[in-house]
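The structure under discussion appears below in the form of structure tokens.
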Amino acid sequence: SIANLVDVGVVLSITAFALVVGGLMYVDPRVSDRFSQLVSGGDGIASRDNRLADLGGVLLSALKTQGLENGPVVVFAAVGAMLFLFMVRS
């Protein structure tokens, strides 16, 4: 049913986002530091919104940096992920 497909799509989207964040945390220490500050509460001065905005900025910066440095690998991984999803769906 359509409701089932929407639920599967949401779960896949959340999983993909978690994998991207996890991969960037592994590769880029800036992302790891910002994420640990967000989870632990940081220094207590900045609000959670500010820490979340900092994490978003660092995530975009890390994606840009890793995309430029490892462009062919990023393309290969994206195509591989899409092929895997198409195989699973059919």
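Treat the numbers as computed from the prediction; the structure is a model and nothing was measured. The figures here come from the full heavy-atom set of this structure, side chains too, leaving out hydrogens, waters and symmetry mates.
- Qualifying side-chain contact (heavy atoms from CB on, under 4.5 Å) partners for L19, counting only residues two or more places apart in sequence or in other chains: T15.
- By the salt bridge (charged side-chain N to carboxylate O under 4.0 Å, His left out) test, D54 is found to be paired with no residue, residues two or more places apart in sequence or in another chain being considered.
- You'll find the side chain of V58 stays beyond 4.5 Å of the side chain of S61, heavy atoms only.
- A side-chain donor-acceptor contact under 3.5 Å links R48 to the backbone of L38.
- With side-chain heavy atoms closer than 4.5 Å counting as contact, directly or through intermediates, the hydrophobic cluster containing V27 also holds Y26.
- By the side-chain contact (heavy atoms from CB on, under 4.5 Å) test, V20 is found to be paired with L24, L63, residues two or more places apart in sequence or in another chain being considered.
- Grouping the Ile, Leu, Val, Met, Phe, Trp and Tyr side chains by contacts below 4.5 angstrom, directly or via other members, places V39 with M25.
- The side-chain contact (heavy atoms from CB on, under 4.5 Å) test applied to S13 returns no partner, not counting sequence neighbours.
- Sorted by first and then second residue, the salt bridge (charged side-chain N to carboxylate O under 4.0 Å, His left out) pairs with a member in residues 10-31 read D28-R30; sequence neighbours excluded.
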Could you walk me through whether N50 and S47 pass the side-chain contact (heavy atoms from CB on, under 4.5 Å) check? CA-CA 5 Å; N50 288 341; S47 69; 3.5 Å; yes
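- Within the structure, no pair that satisfies the salt bridge (charged side-chain N to carboxylate O under 4.0 Å, His left out) test touches residues 60-78, not counting sequence neighbours.
- Residues forming a side-chain contact (heavy atoms from CB on, under 4.5 Å) with D33 (at least two apart in sequence, or on another chain): none.
- When all heavy atoms are compared, the tightest approach of L59 to V31 is CD2-CG1, 3.8 Å.
- Rounding to the nearest 0.5 angstrom, the gap separating the CZ atom in F17 from the CD1 atom in I14 is 10.0 Å.
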